[in-house]
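Just so you know, these numbers use all the heavy atoms, side chains as well, and skip hydrogens, waters and symmetry mates.
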Amino acid sequence: MNNNYNELLKKCTILLVDDEDNIRRKFKQALELYVEDVIEASNGEDALELFYKEKPQIVITDVKMPIMDGLMLTTIIRKSNDKIPIVIISAYSDKKLLLDFISLNLIEYLIKPVDFENLKNILYKCAKIVDKNGLIEVKITDDCFYSYASKSLKYKQNSLKLSPKEISLIELLLENRNKLITKEHIEQSVYGLDIMSESALNNLVLKLRKKIADNKSIVSVSGLGFMMPN
């Protein structure tokens, strides 16, 4: 089961919020061993903006921060999203503070310095919830996300259906982000036993680009194959 969670975490983005730069940097390095991407903020206000823009699958936030603290950030997030896993970290083992968070459906409350072995177990808890609630969405452009749960594109809040071959191709490109995927690899992974012509592949890529609404979202590489830039 842990292997499944490891694979799922690799598709996740974590929003990490902590006003102490050194601690946040070390924490980010530890998280990057498990997840696809870690986006950072030093206060709750900046974190909220990133939350709406980047749509992370997991939030890990400090409690005491300038401008907007972790309690306010968590309260606002929970008003619009009651499913995303949220983990609180703090240098204070304040029981009253913990009680303030109880109604906000947290995954865990961690005391600094964080035990990184314990962190792995907490990330597995988060992965379980992400999986259960179908929260895996990967950003392609600022306006377009791919949902692994619904196997569809979400463009400006609209859901766009994809054909089986479009699904196979976009997942292949996302799993190898910023890497060349040769036409031979695409033929084997996407077309299987079907015959892949040059025109059929180009047409498939063209349809995906139109649905993503960005011609640069899938790049042709010197006639060798295609790649999806970060």
Visitor: Counting distance only, does the side-chain N/O of Asp131 pair as donor-acceptor with the main-chain N or O of Ala127 below 3.5 Å?
Guide: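 Flag not set: sc Asp131 to bb Ala127 has no pair under 3.5 Å.
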Visitor: Taking the side chain as every heavy atom from C-beta outward, state whether Asp62 and Ile23 have any atom pair closer than 4.5 Å.
Guide: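 SC-SC contact between Asp62 and Ile23 ruled out.
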Visitor: Could you pull out the closest heavy-atom pair between Gly70 and Thr61, with the gap in Å?
Guide: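 Heavy atoms only, the tightest pair is CA-OG1, 4.0 Å.
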Visitor: Name the one of Thr141, Asp142, Asp143 that satisfies side-chain hydrogen bond (donor to acceptor under 3.5 Å, both in side chains) with Lys139?
Guide: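 Going through Thr141, Asp142, Asp143 one by one, the side-chain hydrogen bond (donor to acceptor under 3.5 Å, both in side chains) with Lys139 is satisfied by Asp142 alone.
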Visitor: How far does CD1 of Ile170 sit from OG of Ser217, to the nearest 0.5 angstrom?
Guide: 8.0 Å
Visitor: Which pair of heavy atoms, one from Leu50 and one from Ala41, lies closest together, and at what distance?
Guide: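 That closest heavy-atom pairing would be CD1-CB, 4.0 Å.
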Visitor: Determine whether Lys216 and Arg209 satisfy the following criterion, side chain to side chain contact (heavy atoms under 4.5 Å, CB included), listing intermediate values before the conclusion.
Guide: CA-CA 8 Å; Lys216 296 180 180 179; Arg209 284 173 177 158; over 6 Å; no
Visitor: Are the side chains of Tyr155 and Lys211 in touch, meaning some heavy atoms are under 4.5 Å apart?
Guide: no
Visitor: I need the minimum non-hydrogen distance between Val87 and Cys126, along with the two atoms involved.
Guide: CG2-SG, 3.9 Å
Visitor: Do Asp19 and Ile67 come within less than 4.5 Å of each other through their side chains, counting heavy atoms only?
Guide: no
Visitor: Output, in order, the C-alpha distance, side-chain angles, deciding distance and verdict of side chain to side chain contact (heavy atoms under 4.5 Å, CB included) for Leu169 and Leu173.
Guide: CA-CA 6 Å; Leu169 179 57; Leu173 291 167; 3.9 Å; yes
Visitor: Evaluate the side-chain proximity of Asp214 to Ile140: yes if any heavy-atom separation is below 4.5 Å, no if none is.
Guide: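 Result no, sub-4.5 Å side-chain heavy-atom pair not found.
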Visitor: Hey, which of Val59, Leu135, Ile122 is the one that makes side chain to side chain contact (heavy atoms under 4.5 Å, CB included) with Pro85?
Guide: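 Option passing the side chain to side chain contact (heavy atoms under 4.5 Å, CB included) with Pro85: Leu135.
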Visitor: Does a side-chain heavy-atom distance below 4.5 Å link Gln57 with Thr13?
Guide: yes
Visitor: Which residue in the set Ile129, Leu15, Ile77 passes side chain to side chain contact (heavy atoms under 4.5 Å, CB included) when paired with Ile84?
Guide: Ile77
Visitor: Give a yes or no on whether a salt bridge exists between Lys55 and Glu137, defined as a side-chain N under 4.0 angstrom from a carboxylate O.
Guide: no
Visitor: Given side chains that start at C-beta, do those of Ile181 and Phe226 come closer than 4.5 Å, heavy atoms only?
Guide: no
Visitor: Can you measure from CG (Asn215) to NZ (Lys210) and round to the nearest 0.5 angstrom?
Guide: 9.5 Å
Visitor: Check this for me: does any side-chain nitrogen of one of Glu36 and Arg177 sit under 4.0 Å from a carboxylate oxygen of the other?
Guide: no
Visitor: Does the Lys183 side chain pair with the main chain of Gly223, one donor and one acceptor, at a distance under 3.5 Å?
Guide: yes
Visitor: With a 4.0 Å cut-off on N to O distance, would you call Lys28 and Glu40 a salt bridge?
Guide: yes
Visitor: Looking only at non-hydrogen atoms, find the nearest pair between Ser42 and Pro66 and report the distance.
Guide: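 Closest pair (atom of Ser42, atom of Pro66, distance): O-CD, 4.2 Å.
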Visitor: Please name the pair of heavy atoms, one in Pro229 and one in Asn178, separated by the smallest distance, quoted to 0.1 Å.
Guide: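 What the structure gives for the nearest pair is CA-OD1, 3.6 Å.
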Visitor: Please tell me if the side chains of Tyr124 and Leu9 come closer than 4.5 Å, counting only heavy atoms from C-beta onward.
Guide: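 Yes; the side chains approach each other to less than 4.5 Å.
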Visitor: Identify whether the distance between the nearest side-chain nitrogen and carboxylate oxygen of Lys165 and Asp194 falls below 4.0 Å.
Guide: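 Salt bridge present between Lys165 and Asp194.
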Visitor: Show the nearest heavy-atom pair for residues Tyr148 and Glu171, with the distance to one decimal.
Guide: CD2-OE2, 3.6 Å
Visitor: Tyr5 vs Val130, test: side chain to side chain contact (heavy atoms under 4.5 Å, CB included). Steps then yes/no.
Guide: CA-CA 10 Å; Tyr5 289 156; Val130 167; over 6 Å; no
Visitor: Show, in sequence, the C-alpha distance, side-chain angles and deciding distance for Arg78 and Ile86, and conclude whether the side chain to side chain contact (heavy atoms under 4.5 Å, CB included) test is met.
Guide: CA-CA 9 Å; Arg78 277 289 177 251; Ile86 300 177; 3.7 Å; yes
Visitor: Does one hydrophobic cluster hold both Ile218 and Leu180, with members joined at side-chain heavy-atom distances below 4.5 Å?
Guide: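 Ile218 and Leu180: separate clusters.
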Visitor: Are Leu73 and Phe51 side-chain neighbours, meaning at least one heavy-atom pair lies under 4.5 Å?
Guide: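 Result no, sub-4.5 Å side-chain heavy-atom pair not found.
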